[in-house]
Q: 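Sharing a structure here in structure tokens format.
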Amino acid sequence: MTTADLEKRLEYTPRTPYDGEREITSGYTSDLLSDVMARAEEDSVLITIQGHKNTIAVATLAGIAAIVLCSDRPVPDDMRAAAEDEEIAIFTTGKNQFQVSNEIGNLLGL
Amino acid sequence: MKSIPISPTDSPNVILEMIFRLKVKDVMTTEVVTARRNDSLHKIQTMLKDNGITGVPIAENKRLFGIVSVDDIFKAYENGTITEEAAKHMSKKLVVLEDDMPLSFAITYFDKYHFGRFPVLNRNRELVGIITIRDINVALILGINRELQKLEESIDTHPAAEQGTPKREFFVTKYDFENAGKASTEIKKLLKGCNLDSKTIRRCSIAAYELEMNLVVHSNSGKLSFSLENDIIEIIAMDTGPGIEDTEQALTEGYSTANEWIRSLGFGAGMGLNNVKRVSDDFFLYSKPGGGTTVRSIINIHPQGGCDDDG
């Protein structure tokens with residue numbers, strides 16, 4: 001799947017400009033940044049409720065392609081700016097982490 | 001007027017030392033705009049406006065007779081006395097400071113009398129300056145600036161750049177979540193520029209990030225240094241306190257001393273040091289309670305026997 005699928009097929013709301021062609025090969029669900037840092041795979045989508053700038057730092061370092069911020073968590077301006085700088089796509093949805101994980105898992109054929 | 005929110009008895013030592021060491025004469029404005037007793041209030045109003053000030057001492061040959069402030073001008077307009085001379089309407093009950101008094105006196109005076117300014121006299125009762133809250137603010141900001149600079153220099157923030165071998169040092173400030181992750185991101189970019197394999201870069205990123213976050217969350221600020229030499233990457237986090245009570249416990253996954261608000265940001269999961277150890281080929285932790293902590297992570301670019309970051 002690609003980042004565009006998050007918007008087009010799962011109808012999550014994009015919060016940053018993004019490269020729709022970017023391939024997503026995996027996903028990781030966690031709100032603990034050390035856990036994300038240690039275990040999220042490169043080119044994965046991070047499913048979380050941690051809506052702040054430090055999430056972008058972790059995503060950058062771990063090579064994460066996109067972040068889905070669940071439960072309608074707001075995206076702070078500095079987080080959005082950092083994401084644009086690091087070219088990481090942010091999407092939001094009202095669904096929770098379990099529902100989003102399930103939807104993305106299905107799309108990845110897991 | 002609001003009082004100065006700095007207490008001459010109950011402030012950090014750096015501030016206390018500063019306000020006792022600095023004298024009024026170090027802080028005051030020495031180029032004082034003055035008027036004469038026979039100047040009209042109207043003329044003084046123009047002086048106030050032209051100089052952007054709120055009060056003018058009435059003085060002749062350095063002898064102080066009174067002060068005319070904006071309030072006196074307002075009153076003069078109300079009473080129709082604006083064309084009359086200063087001597088008739090100036091405030092004569094003056095509170096003055098002496099130039100040799102410590103700054104702490106001035107702060108106490110501002111809190112006690114709520115005036116916008118104090119004329120400053122020397123030992124011979126000559127007018128030598130005027131001091132406002134703004135003067136004090138500027139002096140304190142400059143003083144704090146100097147102290148911070150000293151502090152940063154003592155921790156040596158300068159990038160130890162050497163030709164050929166990438167080497168960097170970053171100063172990491174306690175609770176500075178705004179800049180947290182910047183040092184690690186820079187290290188990652190540096191390694192990418194060295195054309196290393198992505199697995200090595202990832203291991204270094206994890207070690208650097210966790211060590212950087214430990215400095216942000218747990219230390220009283222410290223230094224993160226990075227070097228790449230002879231295919232060996234070394235990342236060192238060094239701080240001056242507060243030290244770790246039980247290093248074995250600190251290395252136990254899930255154990256954390258982080259408080260609630262830090263946890264709410266997704267930190268303090270009790271995984272940091274463990275993550276560093278796991279991705280390192282060599283790991284060294286030294287700490288003593290009340291002292292500093294040093295963590296050293298060595299990552300070989302071509303590790304013998306390998307080290308996997310998938311845990």
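So you know, we letter chains A, B, ... as the sequences are listed, proteins then strands, and number each from 1.
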Q: Tell me, out of A:L61, A:L33, A:T60, A:V36, who's got the most heavy-atom pairs with chain B below 4.5 Å.
A: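 The residue among A:L61, A:L33, A:T60, A:V36 with the greatest pair count is A:L61.
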Q: Backbone N or O of B:T132 within a donor-acceptor pair of the B:D135 side chain at under 3.5 Å?
A: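 Yes: the side chain of B:D135 pairs with the backbone of B:T132.
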Q: Return the option, out of A:L32, A:N54, A:D31, with the maximum number of heavy-atom pairs under 4.5 Å with chain B.
A: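 The candidate making the most pairs under 4.5 Å is A:N54.
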Q: A:T2 side chain to A:R22 main-chain N or O, any donor-acceptor pair under 3.5 Å?
A: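 No, because the side chain of A:T2 does not come within donor-acceptor range (under 3.5 Å) of the backbone of A:R22.
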Q: Between B:L265, B:N275, B:T185, which has the largest tally of heavy atom pairs under 4.5 Å with chain A?
A: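 Option with the top pair count is B:L265.
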Q: Who wins among B:G266, B:S205, B:S264, B:G181 for the most heavy-atom pairs under 4.5 Å with chain A?
A: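 Most heavy-atom pairs under 4.5 Å with chain A: B:G266.
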Q: So for B:K189, is it side chain, backbone, both, or neither that comes closer than 4.5 Å to the heavy atoms of chain A?
A: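 Side chain only.
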Q: Taking the six-membered ring for Trp, are B:Y175 and B:W261 closer than 6.0 Å centroid to centroid?
A: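 Yes, the ring centres sit under 6.0 Å apart.
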Q: In terms of heavy-atom pairs under 4.5 Å, which option from B:R263, B:K182, B:E178 contacts chain A the most?
A: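 Most heavy-atom pairs within the cutoff with chain A belong to B:E178.
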Q: Would you say the rings of B:F226 and B:F170 are close, in the sense that their centroids are separated by under 6.0 Å?
A: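 No, the ring centres sit 6.0 Å or more apart.
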Q: For the NZ atom on B:K174, are there more than 12 heavy atoms of other groups (residues, nucleotides or ligands in this structure) within a distance under 6.0 Å?
A: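 Enclosed: over 12 neighbouring heavy atoms sit under 6.0 Å from NZ of B:K174.
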Q: Counting heavy-atom pairs under 4.5 Å with chain B, which one of A:G51, A:A82, A:A40 comes out on top?
A: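 Going by pairs under 4.5 Å, I would pick A:A40.
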Q: Between chain B and each of A:E86, A:H52, A:E42, A:E41, count heavy-atom pairs under 4.5 Å; write down the option with the most.
A: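 Result: the option with the highest number of such pairs is A:H52.
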Q: Between B:E253 and chain A, with a heavy-atom cut-off of 4.5 Å, which part of the residue counts as in contact: side chain, backbone, both or neither?
A: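 For B:E253, the side chain is the part near chain A, not the backbone.
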Q: Is the side chain of A:D72 donor-acceptor paired with the backbone N or O of A:T92 at a distance under 3.5 Å, no angle test?
A: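 Not confirmed, A:D72 side chain does not pair with A:T92 backbone.
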Q: Give, as side chain, backbone, both or neither, the part of B:I187 having an atom under 4.5 angstrom from any heavy atom of chain A.
A: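 Looking at B:I187, nothing touches chain A.
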Q: Does A:E7 use its side chain to pair, donor to acceptor, with the backbone of A:P14 at less than 3.5 Å?
A: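 Not a single qualifying donor-acceptor pair exists.
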